[in-house]
Amino acid sequence: MHHAAVIAGRRALLTVGMWQESASPGVGGATLSPETVFLSVMDEKAERQLTELLAVDLDDGFTELVRVHERAVYAFLLRVTGSATEADDLGQDAFLRAYTALCGYAPQRRRELKPRAWLMTIAANVWRNHVRTCTRRPTAAWMPVEDALDAWTDDGPGPAEHAALADDQRRLVAVLLELPQHHRIAVVLRHMVGMSYAEVAEVQGCAVGTAKAQVSRGLSRLRRLLDSETSELKEVTT
Amino acid sequence: MKPTDSEAMPPRDLISDLTRLVAEPPQDFATRVLQRAGIPRERYDTYVRLDTPGGGLFVAAGPQAVTGSALDSAGLTATAFEALHRERTHRSAVRSGKPFPGVVTALRTGRARRLPIDLSGFTPVEQAVLEAVRAVPAGQLRPISWIAREAAVPAEVVAGALAMNPSAVLIPCHRVTYDNGAPCDSGFLPELGDALRAAEGIDRGKTEERRSQGVMFLGSDTTRIYCHPTCAHARRITPPHQVPFRTAREAGRAGYRACKSCRPVTV
């Protein structure tokens with residue numbers, strides 16, 4: 001279990017050099033407004049403070065890591081899994097793995113981390129492992145009756161989520177779950193978490209061009225699925 | 001019809017739909033992570049957002065004491081509050097679903113004096129001023145000179161210390177006025193101060209009226225005692241027996257003594 005996170009960390013480290021080269025403004029996104037450039041500069045400064053803290057004081061640094069990135073990790077897992085309970089469980093798991101991995105790192109290595117991309121790599125791996133376990137051993141998903149009773153109503157979006165989401169947004173959530181895994185991860189990372197293509201590539205462990213292709217294919221597939229659904233709806237109503 | 005429809009739905013629409021799908025994690029998500037990772041509780045603060053008459057109030061607290069609070073009415077978001085808190089205290093504040101014990105009651109009743117608030121990052125003078133402000137009862141106003149006397153500091157430093165208030169509402173700076181009776185909302189917007197005072201039953205019209213007439217104290221001609229006009233004892237004086245005074249000296253000359261509850265400045 002622990003190895004996945006460590007390997008992910010190593011991969012993140014290997015790609016650090018590549019990331020820094022391609023991180024100049026205008027390369028990551030298609031068109032960057034001055035505002036986004038400013039924001040990304042702010043992000044970079046905050047990330048450097050965070051890694052410095054991680055290197056100096058692990059407990060304090062980890063608390064800060066959780067504070068800054070909990071929303072992004074949760075949002076990513078929520079849209080990738082489509083279930084609030086699973087996103088919660090996997091998010092907890094991902095952060096714990098991050099903590100155990102950090103405990104084993106030397107301060108210098110913690111200083112060189114790219115925290116957000118590194119965390120997302122761990123979260124993506126945790127989710128992939130989870131999906132694999134569930135398909136290989138479907139019985140593993142069975143629970144004792146007492147637990148199943150608790151989880152009974154939590155399967156899928158609850159009434160609160162239904163109320164919060166408009167109808168077309170709900171459709172988008174459902175359609176998103178029909179994308180293949182690697183496209184789904186790329187689209188969610190790029191357009192919901194707001195990462196640059198370089199960071200997406202780092203999480204996916206591929207070239208920047210491949211990441212761009214994944215996002216664009218994912219988006220066009222989404223559009224096609226949405227269109228076919230609306231036309232079906234129209235046929236039904238007419 | 002169809003092709004124009006899909007043309008009119010260019011990539012931007014889908015992308016903005018996607019960005020709008022971001023949802024907040026459960027309130028106790030971060031605290032559960034930290035608990036399971038075994039981070040000691042005294043290493044971080046937790047915060048909640050509570051409702052007050054002045055808008056939402058973020059209240060951050062460590063295991064022993066409240067470490068800071070801020071109103072969100074000036075457009076302060078949760079992330080901005082976290083960043084400010086980090087900057088001021090060098091402690092991380094993570095979201096939580098559980099307020100510090102006693103905070104909810106303190107906000108409901110307006111009595112936050114017994115609530116432990118951590119002021120260790122301040123100079124002795126600032127601490128003295130803020131502690132003096134905490135002694136002002138709910139629904140009452142005190143002038144800066146009164147705060148200065150209670151804190152045993154020169155009156156000039158009071159306004160500066162009030163502006164440093166780390167804990168809006170819980171340290172009731174909205175109950176402090178200038179010596180002419182005008183509220184000195186140094187930490188936040190005046191409308192917020194008005195809302196907070198109105199919720200405590202301080203009538204803005206009446207205070208304005210007294211200020212325009214220069215009335216600083218109210219005496220009772222039956223007891224021969226004079227008070228701050230918002231003092232609980234002054235509020236009980238029936239209108240026929242109210243005697244207004246402009247200064248403490250005027251009251252003294254008329255043979256009145258100062259109230260022992262609200263302790264007006266006599267010199």
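Order of the sequence lines sets the chain letters (A, B, ...), proteins ahead of strands, with each chain counted from 1.
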Problem - Distance-only polar pair, side chains of B:Thr46 and B:Arg41, donor-acceptor under 3.5 Å - result: yes
Practice task
Would you confirm whether A:Arg110, through its side chain, and A:Leu54, through its main-chain N or O, come within 3.5 Å as a donor-acceptor pair?
Solution key: yes
Problem - A:Leu53 versus chain B, the contacting section by heavy-atom distance below 4.5 Å - result: side chain
Problem - Greatest number of heavy atom pairs closer than 4.5 Å to chain A - which of B:Ala37, B:Ala23, B:Ala30 - result: B:Ala37
Exercise for the section: Can you tell which part of A:Val187 gets under 4.5 Å to a heavy atom of chain B, answering side chain, backbone, both or neither? Expected result: side chain
Practice task
Test the B:Arg32-B:Phe29 pair against the cation-pi criterion, namely NZ or CZ under 6.0 angstrom from the six-membered ring centroid and within 45° of the ring axis.
Solution key: no
Exercise for the section: Pick out which of B:Arg175, B:Glu200, B:Arg142 makes a side chain to side chain contact (heavy atoms under 4.5 Å, CB included) with B:Pro137. Expected result: B:Arg142
Exercise for the section: Go through A:Asp57, A:Leu176, A:Leu58, A:Asp59 and name the one with the most non-hydrogen pairs under 4.5 angstrom from chain B. Expected result: A:Asp59
Fill in the blank from the handout: Per-residue tally against chain A (heavy atom, under 4.5 Å) across B:Thr19, B:Leu34, B:Val33, B:Thr79 peaks at B:Val33
Exercise for the section: With a 4.5 angstrom heavy-atom cut-off, could you sort out which part of B:Arg86 is near chain A: side chain, backbone, both or neither? Expected result: side chain
Practice task
Indicate yes or no for a side-chain donor-acceptor contact from A:Arg116 to the backbone of A:Glu47 under 3.5 Å, with no hydrogens or angles considered.
Solution key: no
